[in-house]
A.B. asks: 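After the structure tokens below, expect a handful of questions from me.
Just so it is clear: chains get the letters A, B, ... in the order the sequence lines come, proteins before strands, and each one is counted from 1. Just so we're clear, the structure is a prediction, and the values are computed from it rather than from any experiment.
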Number of protein chains: 2
Amino acid sequence: MPKDRAPTRIQQKNRAAILEAALNVFSAHGFRGATVDQIAAEAGLSKPNLLYYFPSKEAIHTALLSGLLEVWLAPLHTLDENGEPLEEILSYIRRKLEMSRDLPRESRLFANELVQGAPRIHEALSSDLKKLVDEKTTTLTRWMDQGQIARVHPYHLIFSIWALTQHYADFDVQVRAILGDENPFDGAVPFVETLYRKLLTP
Amino acid sequence: MPKDRAPTRIQQKNRAAILEAALNVFSAHGFRGATVDQIAAEAGLSKPNLLYYFPSKEAIHTALLSGLLEVWLAPLHTLDENGEPLEEILSYIRRKLEMSRDLPRESRLFANELVQGAPRIHEALSSDLKKLVDEKTTTLTRWMDQGQIARVHPYHLIFSIWALTQHYADFDVQVRAILGDENPFDGAVPFVETLYRKLLTP
DNA sequence: TCTTGATTTGACCATTCGGTCAAACTCACG
DNA sequence: CGTGAGTTTGACCGAATGGTCAAATCAAGA
């Protein structure tokens, strides 16, 4: 394996290619369904060469997940307690919808992991994610106490946003099977916006 | 393999045990992640004995999916065009939530399949499912035309119901990691009901 | 250029997996 | 009981898979 000194150009390029390929393969087939050969082929490397950069299939998956968790939670981080409540929530929702549209592989990577019981990220859920959500629900609750948005169960409000937005990435095949040629997001954006305006307007 | 005459008691019992075990294993690990040995062990049979009842792993999966698709879509079938619109929709939603609570394995079985592109049920999506959804959106649209419920995009209304209700089964680990000991459905039922009342009240 | 560490690979290995088969066992019924 | 169909299994097979290793190749600095 490469020394843990400053990474060479080749190391940077190959590590990036591997993670990109792994994102394709893991998100499409799940951890167990993905093969090292498949990832190596997609990254343009031989299998032993790939295993020169990451010690195991599991290590690739872990690196991918932990690297993307930050990206994945970024929109919720930006929910600003000092902003205008309804607009803050709506712009969070819009960003989540954009992520479903622009980063569907990332969404499906997490969906695969979660639906199978999150064996590899259970830890992060009950620590990092819970902490972040608790922090933001505090803000939501304050807004409700001040009558700036309608009072609803704050945790379920967040769950509903996740469910509604990620549905378009995770279950894309189903959505497209029903909508046909219509672009899902053309209808989804105004639908979801209307929904949350009606729900949250006091 | 057993003759296709009237199934014996043993055949009935073993076939049922296999499908039950397969539901456990496939819903927890996905198609690729499940092994025939695992299913056989859970059904209390040896592997060759299991393969005496079903010709292959794929055949078990197919039998399971097609058998459950009917169950899965039953609640939407019962949406009655002659009923009271909002109550019809709300009782559909309640039934879907009950299914997430009582049949989470079935939900995750389909979720696993869908998130990986539905390679084995794509056909059923664009025929049976689309037909059913088209039929019901016609009813929804008529209700909107008559001003009995608010006008929203009918397809996205259905997607939102699926997303919100199935989320509690499919991403159960995540929900529980955040809610802790609180029973998810205690909060989900009133939350979702409020949401759709506000959305759909004209 | 030469050397040394970084990179790449063909060959190989152990294990797992889906599936087969012939032989053995069991059950229902005449 | 006896017998034939229905049921069960141990042993086995070929392919796929994750991973290893020694040897070969490459690249950059002295």
A.B. asks: Students often mix this up, so state it plainly: with edges at 30° and 60°, are the rings of A:F159 and B:Y168 parallel, tilted or perpendicular?
C.D. replies: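 Judged by the thresholds at 30° and 60°, the geometry between A:F159 and B:Y168 is perpendicular.
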A.B. asks: Rounded off to whole Å, could you give me the CD-to-P distance for the B:Q38 and C:dT16 pair?
C.D. replies: 13 Å
A.B. asks: Toward the 5' end of DNA chain C, which comes first, A:R32 or A:K13, by nearest nucleotide?
C.D. replies: A:K13
A.B. asks: In whole Å, I'd like the distance from the CD atom of B:E58 to the P atom of C:dG18.
C.D. replies: 12 Å
A.B. asks: When only distance counts, do a donor and an acceptor, one from the side chain of B:K57 and one from the base of C:dG19, lie under 3.5 Å apart?
C.D. replies: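 Check fails, no donor-acceptor contact within cut-off.
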A.B. asks: Atom CZ of B:R15 to atom P of D:dG6: distance rounded to whole Å?
C.D. replies: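 After rounding, the reported distance stands at 14 Å.
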A.B. asks: Can a side chain N or O of B:Y52 be found less than 4.0 Å away from OP1 or OP2 on D:dT7?
C.D. replies: yes
A.B. asks: A:V36 side chain: which of D:dG18, D:dT8, C:dG19 is closest?
C.D. replies: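 Taking heavy atoms from C-beta onward, the closest nucleotide is D:dG18.
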A.B. asks: When all nucleic acid strands are considered with a 4.0 Å heavy-atom cut-off, which category describes B:A59: base, sugar-phosphate, or nothing?
C.D. replies: nothing
A.B. asks: So, OP1 or OP2 of D:dT7: does either fall under 4.0 Å of a side-chain N or O from B:N49?
C.D. replies: no
A.B. asks: Name the residue closer to the 5' end of DNA chain C, choosing between B:P48 and B:R9 according to the nucleotide with the nearest heavy atom.
C.D. replies: B:P48
A.B. asks: Measure from CD on A:Q12 to P on D:dA27 and round the result to the nearest Å.
C.D. replies: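 Rounded to the whole Å, the gap is 17 Å.
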A.B. asks: Phosphate oxygens OP1/OP2 of C:dT7: is one of them under 4.0 Å from a side-chain N or O of A:Q11?
C.D. replies: yes
A.B. asks: Round to a whole Å and report the spacing from CG of B:L51 to C1' of D:dC12.
C.D. replies: 14 Å
A.B. asks: Rounding to an integer number of Å, can you tell me how far A:H61 NE2 sits from D:dT17 P?
C.D. replies: 17 Å
A.B. asks: Are A:H29 and B:R32 close enough, and set up right, to give a side chain to side chain contact (heavy atoms under 4.5 Å, CB included), and what steps lead you there?
C.D. replies: CA-CA 8 Å; A:H29 304 289; B:R32 191 66 158 53; over 6 Å; no
A.B. asks: So B:M99 and B:T165, side chain to side chain contact (heavy atoms under 4.5 Å, CB included) or not? Walk me through it.
C.D. replies: CA-CA 9 Å; B:M99 289 182 75; B:T165 56; over 6 Å; no
A.B. asks: Base, sugar-phosphate or nothing for A:A40? Non-hydrogen atoms, less than 4.0 Å.
C.D. replies: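 The answer is nothing, as A:A40 stays clear of every strand by at least 4.0 Å.
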A.B. asks: Give the C-alpha distance, both sets of side-chain angles, the deciding distance and a yes or no for side chain to side chain donor-acceptor pair (under 3.5 Å) between A:H77 and A:Y92.
C.D. replies: CA-CA 9 Å; A:H77 268 293; A:Y92 170 56; over 6 Å; no
A.B. asks: At less than 4.0 Å, is any side-chain N or O atom of A:N14 found next to OP1 or OP2 of C:dT8? Yes or no.
C.D. replies: yes
A.B. asks: For B:Y196 and B:S160, does a side-chain donor sit closer than 3.5 Å to a side-chain acceptor?
C.D. replies: yes
A.B. asks: Would you kindly give the CZ-to-P distance between B:F54 and C:dG18, to the nearest whole Å?
C.D. replies: 16 Å
A.B. asks: Taking CG from A:D37 and C1' from D:dA15, how many angstroms apart are they, rounded to a whole number?
C.D. replies: 13 Å
A.B. asks: Among D:dT7, D:dG19, C:dG18, which is the nearest nucleotide to the side chain of B:Y53?
C.D. replies: D:dT7
